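Keep in mind that this is a model prediction, so the values were computed, not measured.
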Amino acid sequence: MKIHKHGFVKLLEVMGNDEEVENAARISYGEGTRKVSQTRNLIRYLMRHKHTSPFEMCEVKFHIKLPIFVMRQLVRHRTANINEYSGRYSIMSDEFYLPAEADVQEQSESNNQGRGKDLDEENKIFVLSRMVNVTDQAKECYRQIATPSPLDGFHEGFKGIARELARTVLPVSNYTECIWKIDLNNFFHFAKLRMDAHAQKEIQDYASAMYELVKPEFPICC
């Protein structure tokens, strides 16, 4: 699923299904003896009474492309296994997140973590133009110091600085990629927090897409 202009979420692998949650709870139910209604009733009972370990027997794994500032919210969920694209080994992406005009708001007066009322049109355009200027300059600086050309003005023979150091000029709007794997119980905890209206809109967009991809694989659990 495409997210914003440059990002995406791809569901790579799924381990288990609704019936496997039931099997874990019953410690193996005979094949062909269950009914969908029984599976549904048991899963609802487990959810309602917070018996979470059967859901931990199932897992989902994603390939995600996202801005670094959204990645920092994703890694807060320490119950997941994660492997991220490395700017030490590879050249970083030249793509950057720019919010839609409708998503540019003032700092909230009542919530230190959130957005408040809309800016007027002129200020929105000015803010967005400044954001573009910063990312363009960072992109150009990174290219020059990491992969210089003869026209960049450096002394002859200069081959660029170490990638691990060059990346320090890039803002958190730069895109990165990761593989992210988590069990179903902790995925639901992630989705509950990050799909909430109080979460930052950008992580909401990713969490909602991830949930929609998982839903067909675990329709009763979801």
Side-chain angles (χ1 to χ4, degrees), residues 1-18 20-21 24 47 50-99 103 113-114 135 138-139 142 146 162-219 221-222:
M1 293 180 71
K2 188 172 174 60
I3 313 292
H4 309 140
K5 184 177 180 180
H6 302 297
F8 64 75
V9 171
K10 181 178 182 181
L11 182 60
L12 292 178
E13 285 188 72
V14 175
M15 187 181 82
N17 52 31
D18 289 327
E20 286 302 317
V21 174
M47 283 279 190
K50 295 182 170 57
H51 297 311
T52 58
S53 57
F55 300 102
E56 293 169 8
M57 300 298 125
C58 299
E59 293 183 335
V60 290
K61 182 163 73 175
F62 294 93
H63 178 191
I64 311 172
K65 182 178 178 182
L66 69 177
I68 291 171
F69 74 91
V70 180
M71 180 74 181
R72 293 299 157 258
Q73 297 181 61
L74 191 73
V75 298
R76 292 288 298 147
H77 298 270
R78 295 185 295 274
T79 49
N81 303 113
I82 189 165
N83 198 40
E84 184 181 0
Y85 182 93
S86 174
R88 295 186 70 196
Y89 299 112
S90 304
I91 294 296
M92 292 294 288
S93 163
D94 63 355
E95 295 170 326
F96 296 84
Y97 174 75
L98 186 70
D103 296 329
Q113 297 185 75
T135 54
K139 186 193 307 184
Y142 177 75
R163 291 167 184 165
E164 66 177 16
L165 187 59
R167 63 182 174 169
T168 61
V169 303
L170 296 173
V172 292
S173 57
N174 188 215
Y175 272 82
T176 185
E177 296 185 40
C178 70
I179 303 297
W180 193 78
K181 180 171 72 72
I182 194 167
D183 70 67
L184 195 62
N185 174 53
N186 283 298
F187 175 75
F188 287 148
H189 180 64
F190 157 81
K192 181 179 180 181
L193 290 175
R194 298 306 184 177
M195 290 167 62
D196 187 271
H198 294 96
Q200 184 169 349
K201 181 189 180 298
E202 287 78 8
I203 190 70
Q204 284 186 53
D205 295 338
Y206 277 89
S208 297
M210 293 162 77
Y211 186 81
E212 288 305 312
L213 289 172
V214 168
K215 200 172 180 179
E217 307 292 336
F218 298 92
C221 290
C222 287

Can we call the ring centroids of His63 and Phe8 under 6.0 Å apart? yes
Would you mind checking if Lys139 and Asp94 are paired as a salt bridge, meaning a charged N to carboxylate O distance below 4.0 Å? no
All heavy atoms of Phe188 vs all of Cys222, minimum pair found to be CE2-SG, 3.9 Å
Taking side chain as C-beta onward, heavy atoms only, is Ile68 less than 4.5 Å from Ser173? no
Mind running salt bridge (charged side-chain N to carboxylate O under 4.0 Å, His left out) on Lys192 and Asp196 for me, showing each step along the way? CA-CA 6 Å; Lys192 181 179 180 181; Asp196 187 271; over 6 Å; no
Between Ser208 and Asp205 (side chain of the first, backbone of the second, donor and acceptor by atom type, cut-off under 3.5 Å), is there such a pair? no
Whether Asn174 side chain and Ser93 backbone form a donor-acceptor pair below 3.5 Å: yes
Does the Tyr89 side chain pair with the main chain of Glu164, one donor and one acceptor, at a distance under 3.5 Å? no
If we only count heavy atoms from C-beta on, is the Ile179 to Phe62 side-chain gap below 4.5 Å? no
So, the side chain of Asp18 versus the backbone of Cys221: is there a donor-acceptor pair under 3.5 Å, distance only? yes
Can you tell me how far apart OH (Tyr175) and CZ (Phe96) are? Round to the nearest 0.5 Å. 11.0 Å
Ignoring hydrogens and angles, tell me if any N or O in the side chain of Arg194 forms a donor-acceptor pair with the backbone of Gln204 under 3.5 Å. no
Looking at side-chain heavy atoms only, is the closest gap between Ile3 and Leu66 below 4.5 Å? no
Report yes if the side chains of Ile182 and Asn81 come closer than 4.5 Å at any heavy-atom pair, otherwise no. no
Got a second to check how far Phe69's CZ is from Glu202's CD, nearest 0.5 Å? 4.5 Å
Could you check whether the rings of Tyr206 and His4 sit parallel, tilted or perpendicular, using 30° and 60° as the cut-offs? perpendicular
Intermediate values then yes/no, side chain to side chain contact (heavy atoms under 4.5 Å, CB included), Tyr85 and Ser90: CA-CA 8 Å; Tyr85 182 93; Ser90 304; 3.0 Å; yes
Do the non-hydrogen side-chain atoms of Arg163 and Arg88 ever get within less than 4.5 Å of each other? no
Backbone of Gln73 reached by a side-chain donor or acceptor of Arg76 within 3.5 Å: no
Can we call the ring centroids of Phe55 and Phe218 under 6.0 Å apart? no
Heavy-atom count check: over 12 atoms from other residues, nucleotides or ligands less than 6.0 Å from Lys2 NZ? yes
Is any side-chain heavy atom of Asn185 closer than 4.5 Å to one of Pro54? no
Does a sphere of radius 6.0 Å around NE2 in His6 hold more than 12 heavy atoms from other residues, nucleotides or ligands, not counting ones at 6.0 Å or beyond? yes
Closest heavy-atom pair, Ala138 versus Val169, reported as atoms and distance to 0.1 Å, is CB-O, 3.6 Å
So CD of Glu56 and CG of Leu184: to nearest 0.5 Å the spacing works out to 10.0 Å
With a 4.5 Å cut-off on side-chain heavy atoms, are Trp180 and Asn83 touching? no
Could you give the distance from CD1 (Ile203) to CE (Met71), rounded to the nearest 0.5 Å? 10.0 Å
Which donor-acceptor pairs under 3.5 Å do side chains of residues 10-17 form with protein atoms, sequence neighbours excluded?
from: Glu13; atom 1: OE2; to: Lys61; atom 2: NZ; distance (Å): 2.7
from: Asn17; atom 1: OD1; to: Glu19; atom 2: N; distance (Å): 3.1
from: Asn17; atom 1: OD1; to: Glu20; atom 2: N; distance (Å): 2.9

Evaluate Lys5 against Glu95 for salt bridge (charged side-chain N to carboxylate O under 4.0 Å, His left out), listing each step before the verdict. CA-CA 9 Å; Lys5 184 177 180 180; Glu95 295 170 326; over 6 Å; no
When rounded to the nearest 0.5 Å, the distance separating OG of Ser86 from CD of Glu177 is 13.0 Å
Would a 4.5 Å heavy-atom cut-off, applied to side chains only, mark Met195 and Phe190 as touching? no
Aromatic ring pairing Tyr211/Phe187, orientation class (parallel under 30°, perpendicular over 60°, tilted between): parallel
